Amino acid sequence: MSTAPDAAVPLDDADRPSVPAKRIAIGDAADHVKHSAGQPVEIAGWLYNLRKSGKIVFPIVRDGTGLLQCVALKTALPEETFEALKHLTQESSLIVRGRLRAEARAAGGYELDVESVDILQHVSEEHPYPITPKDHGVDFLMDHRHLWLRSKRQHAAIRVRHEVIKSIRDYFDSNGFTLVDTPIFTPSACEGTSTLFEVDYFEDEKVYLTQSGQLYNEANAMAFGKVYCFGPTFRAEKSKTRRHLTEFWMVEPEMAYADLEDVKRVAEDLVVYIVGRVLENRKEELKTLERDTSRLETVAKPFPRMSYDEAVKILQSKGSEIQWGGDFGNTDETLLTEDFHRPVMVDRYPTEIKAFYFQPDERRPEVALGVDVIAPEGYGEIIGGGQRIHDLKLLEQRLDQHQLPREAFNWYLDLRRFGTVPHGGFGMGVERFVAWMCGLEHIRETIPYPRMLYRTRP
RNA sequence: UCCUCAGUAGCUCAACGGUAGAGCAUUCGGCUGUUAACCGAAGGGUUGUAGGUUCGAAUCCUACCUGAGGAGCCA
C-alpha cells in the first residue's frame, strides 16, 4: 500500500457523502465529541469484530489508536451497503463515515452512526483471519506474531514499551547526558563471559554482535562526561526461560567522575521516573493488561539498599541454599524482594563473580563496587552496573587474571593512560522493565518480534 | 546442555484399549441494542512422524521431530 494515511480513497458516486467527512483517530473520539459534535467524521481502520441482529449490525472498528463500536441500521442505509457490512469478515480493511456521539452502551463510551462505508479489502472466507476472539495457544500465537500484534493485549504491551523507551530518552536527555551510540559489530567479547553470536565479516574476518556497549561507553564518557547508548544487544546463551531473549534492548549510561553512590542515585532516579511516566500516560493500556497498579504506585525513593553480605544472610534465613561467593538464582531474587513494594538495590558483590573491569572496594578487595537493582514481584534483575577500574596497573592485572588478550584491549587501556578518572554506569534491560510494568508472565510479549532460543520467525 | 510436560478439525479442547466429538471460526437461515451476542442447520480429520504390542491403538511401548515450562547463565 502506497496510499498516504490522509489520502482520500476513491468512492463510487453513490457512496460519496454529501458533506466531506473529517478523518479522525479513534483515540481522539472524546475530543471530537466534546468540540465538534454532530460533524461528520471518517474512521480508517480494520474490522475487529462484528455483531449482528437482523436489521441492525454493530461493527467494531480498530485503527491502531483504539476500538470504536459502529451502528449500521438496515433502514438508514442502501441495501448493498448494509449487506456488505453484515457479511464483512474479521480484519477486513474499511473506511466508515458517519456521526460520532457518546453512547453508554458501547464499550469505550462512543459510537458511530454509519452513513457510508468503503471496503478496501474484504478478507476471504476461504482463508479467514486466523486469530479469532477465542483462546489460542502460545505456539500458534507466536507463529502469527505479525498478526497477534493487532490484538488488544499485545497492542497495549507495545504501547507501554514505547512509553518506557521514550521516558528513558527523556530522562537522560534532560539530565545532561549525550546519546553516543556504540557499535553492534564488535571485534571481541566485552566481558569475556557470555557467549557471542559470530558473524562473517567479508573475507577471513570474524566479528561478533555486541553483548554490551559498555567498553565504548567508557571511552565516550571520557569525551562527553555523561553519555548513554541505547540499542539492541545479543546473547548467544542457550537460556530457555520466560526472562530471556537472544536479542534484547538495553540502555547503558556511563558517567565520568562518578563513584558507586552516583551510579546508585541515577539508577534509582531513572526507575522512579519511568514508573511515574507509565502510570501517568498508559492508564488505559495497564487496565487492558489488568495490571494491579497499586504495586507500581509504591515505587518511590529511596529503594531498600543492602550489601551482598546482608543479602546472603537474609536469603539463608529464608531457607535459601546460597553460600557466600555464589550468584543469586531467580528464586533468590524473588525471596529478596518479597517483603518490599519497591525495587531492591544490592551492592558489593564478590569480585570473583563480576566482570574484570569492576572496581574492587579499597577496604575489602574481595568485593567489587557493583550494584544490581532487582525488581519486585519476581521480575528479577533489571539493572546491573557499578564503578569501573580507573587505575592502569590494576586493570592490566585484572585482564591477566581473566586471561584476556592485552592487545585487544589496548585502546581500552588508553582510557587509563590519558586522563583517567573514577567513573561508572549501568545497563538496564528494556524488556524486563516492560514485563514488570505490564505484569506480564513472559518477556516475549514485551518486544514486537521476540528472538529466542528456538524461535526466530516471523 | 540437562530435567519435566504436551502434540486430535483452521483455533481451543474432549474421547484414556472397542463407531473420533464439542465450542469458536467459515457457509446458509432467524433476530432493531449487541458486549468473546444469541438460536437453528451444513461442510470440515492419514489423531506430529516411523516402527512395535494387540483380534482391535488417538489411547500402551520405543525412537525421532516440534513446541512449552523449569535449571544453569544472564539484563
Side-chain angles (χ1 to χ4, degrees), chain A residues 48-60 67 69-77 82 86-87 89-91 103-109 111 113 123-144 147-148 151-153 191 193-195 211-214 232-252 267 321 326-333 353-355 372-375 379-385 426-436 441-444 446-447 452-455 457:
Chain A
Y48 193 75
N49 196 5
L50 183 135
R51 289 183 284 267
K52 57 188 172 193
S53 174
K55 298 188 182 69
I56 186 167
V57 176
F58 299 95
I60 316 268
L67 294 177
Q69 173 164 297
C70 305
V71 203
L73 291 172
K74 190 181 170 88
T75 49
L77 290 168
F82 184 78
K86 194 174 162 182
H87 291 99
T89 42
Q90 201 187 347
E91 288 301 320
E103 169 58 71
R105 287 173 293 185
E111 196 170 68
D113 291 309
V123 172
S124 131
E125 281 79 8
E126 283 72 41
H127 298 284
Y129 187 70
I131 304 178
T132 67
K134 292 272 180 171
D135 290 333
H136 298 279
V138 171
D139 188 30
F140 176 80
L141 290 170
M142 288 304 296
D143 284 343
H144 294 85
L147 302 176
W148 191 19
S151 305
K152 244 202 248 176
R153 281 179 59 86
E191 311 188 5
T193 52
S194 308
T195 333
Q211 60 179 349
S212 164
Q214 195 224 305
T233 300
F234 308 86
R235 303 276 164 97
E237 289 146 4
K238 295 206 165 181
S239 300
K240 193 171 161 27
T241 79
R242 64 179 81 176
R243 300 178 309 283
H244 288 88
L245 298 167
T246 52
E247 174 186 309
F248 65 97
W249 285 67
M250 186 157 72
V251 61
E252 296 173 276
E321 302 277 291
D327 216 342
F328 305 137
N330 185 246
T331 26
D332 291 326
E333 290 179 344
I353 58 169
K354 285 288 168 186
D372 282 358
V373 179
I374 304 168
Y379 285 96
E381 187 187 339
I382 48 169
I383 286 179
F426 61 86
M428 187 176 85
V430 167
E431 288 76 15
R432 283 193 187 172
F433 202 104
V434 174
W436 171 39
E441 277 289 303
H442 203 299
I443 198 168
R444 65 186 160 218
T446 65
I447 185 164
M452 293 176 293
L453 184 50
Y454 297 121
R455 203 178 271 283
R457 268 173 273 260

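These figures come from a predicted structure and were not determined experimentally. A, B, ... follow the sequence lines: proteins, then strands. Residue 1 opens every chain.
One N or O donor and one acceptor, one from the side chain of A:H244 and one from the base of B:rC74, sit under 3.5 Å apart. With hydrogens and angles ignored, no donor-acceptor pair closer than 3.5 Å exists between the side chain of A:S239 and the base of B:rC74. A donor-acceptor contact under 3.5 angstrom links the side-chain atoms of A:E111 to the base of B:rG33.
B:rG7 atom P lies 21 Å from atom CE of A:M142, rounded to whole Å. Counting to the nearest Å, the P atom of B:rC74 and the CD1 atom of A:I353 are 8 Å from each other. If you take CG of A:L453 and P of B:rG67, they are 9 Å apart, rounded to a whole angstrom. Counting to the nearest Å, the C1' atom of B:rG29 and the NZ atom of A:K55 are 14 Å from each other. Distance, A:E333 CD to B:rC73 C1': 12 Å, rounded to whole Å. For the pair A:I443 CD1 and B:rA68 C1', the interatomic distance rounds to 17 Å; values are reported in whole Å. Atoms CD (A:E252) and C1' (B:rA75) sit 10 Å apart, rounded to a whole Å. Distance OH (A:Y454) to P (B:rU66): 9 Å, rounded to an integer number of Å.
Using P as the reference atom, B:rG21 and B:rG44 are 13 Å apart when rounded to the nearest Å. Using C1' as the reference atom, B:rU19 and B:rA58 are 14 Å apart when rounded to the nearest Å. Nucleotides B:rG17 and B:rA57 place their C1' atoms 7 Å apart, quoted to the nearest Å. With both ends at atom P, the span from B:rC24 to B:rU47 equals 25 Å, rounded to whole Å. Taking the C1' atoms as reference points, B:rA42 lies 41 Å from B:rU53, given to the whole Å. Separating the P atom of B:rG18 from that of B:rU27 is a span of 37 Å, rounded to the nearest Å. Annotation: B:rU46 and B:rG10 have their P atoms spaced 8 Å apart (nearest Å). Only the P atoms considered, B:rC38 is 49 Å distant from B:rC55, to the nearest whole Å.
Taking the side chain of A:E237 as heavy atoms from C-beta on, and the options B:rG70, B:rU34, B:rC73, the nearest nucleotide is B:rC73. Candidate nucleotides B:rU34, B:rC73, B:rC11 were compared by shortest atom distance to the side chain of A:H136, and B:rC11 ranks first.
As judged by a 4.0 angstrom heavy-atom cut-off over every strand, A:L245 is placed among the base-contacting residues. Residue A:F140 is classed as a sugar-phosphate contact, given heavy-atom separations below 4.0 Å to backbone atoms only. A:T75 comes within contact range of at least one nucleobase, with a heavy-atom separation under 4.0 Å. Using a 4.0 Å heavy-atom cutoff across all strands shown, A:K74 reaches no nucleic acid atom at all. Across all strands, A:I382 comes closer than 4.0 Å only to sugar-phosphate atoms, never to a base (heavy-atom distances). In this structure, A:H442 reaches the sugar-phosphate backbone alone: every heavy-atom distance under 4.0 Å involves primed, P, OP1 or OP2 atoms, never a base.
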Open item on the list: If you apply the rule side-chain contact (heavy atoms from CB on, under 4.5 Å), what do you find for A:W148 with A:I131, and how did you get there?
Closed with: CA-CA 7 Å; A:W148 191 19; A:I131 304 178; 4.0 Å; yes
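A salt bridge links A:D143 with A:R455; the closest basic N to acidic carboxylate O contact falls under 4.0 Å.
Look at A:R444 and you'll find a side-chain N or O under 4.0 angstrom from OP1 or OP2 of B:rG69. Between B:rA68 and A:R455, a contact under 4.0 Å exists linking OP1 or OP2 to a side-chain N or O.
Between A:K354 and A:G54, the residue anchored nearer the 5' end of RNA chain B, judged by the nucleotide with its closest heavy atom, is A:G54. Mapped onto RNA chain B by nearest heavy atom, A:L141 and A:R432 fall at different nucleotides, with A:L141 at the one closer to the 5' end.
A donor-acceptor contact shorter than 3.5 Å links the side chain of A:T241 to the backbone of A:R243. Of the possible donor and acceptor atoms, one in the side chain of A:E252 sits under 3.5 Å from a partner among the backbone N and O of A:G213. Proximity of a side-chain donor or acceptor of A:S124 to a complementary backbone N or O of A:H127 within less than 3.5 Å is detected. A donor-acceptor pair under 3.5 Å is absent between the side-chain atoms of A:E333 and the main chain of A:A375, judged by distance alone. A:T89 places a side-chain N or O within 3.5 Å of a backbone atom of A:V123 that can act as its donor or acceptor partner. A donor-acceptor pair under 3.5 Å is absent between the side-chain atoms of A:R432 and the main chain of A:Y379, judged by distance alone. A side-chain donor-acceptor contact under 3.5 Å links A:Y129 to the backbone of A:L147.
Once rounded to the nearest 0.5 Å, the distance linking NE2 of A:H87 with CZ of A:F82 reads 9.5 Å.
Base pairing of B:rG17: no nucleotide in any strand meets the Watson-Crick or G-U wobble criterion (both distances under 3.5 Å). Base pairing annotation: B:rA36 forms no Watson-Crick or G-U wobble pair, as no partner gives both donor-acceptor distances under 3.5 Å. Nucleotide B:rU53: unpaired (no Watson-Crick or G-U wobble partner with both distances less than 3.5 Å). Here B:rG69 sits opposite B:rC3 as a Watson-Crick or G-U wobble pair (both hydrogen-bonding atom distances under 3.5 Å). Across all strands shown, the partner of B:rA22 is B:rU12, judged by Watson-Crick or G-U wobble contacts whose two distances both fall under 3.5 Å. Pairing of B:rG43, defined by two Watson-Crick or G-U wobble distances under 3.5 Å, is not identified with any nucleotide.
An aromatic stacking contact links A:F248 with the base of B:rA75, defined here by ring centres under 5.5 Å apart and ring planes under 30° from parallel.
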- [ ] Classify every nucleotide of nucleotides 23-28 of chain B by which part a protein heavy atom approaches to under 4.0 Å, writing B for the base, S for the sugar-phosphate alone and - for neither, in 5'-to-3' order.
- [x] -SSSS-
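Using a 30° and 60° split on the angle between ring planes, A:F140 and A:H144 fall in the tilted class, from 30° to 60°.
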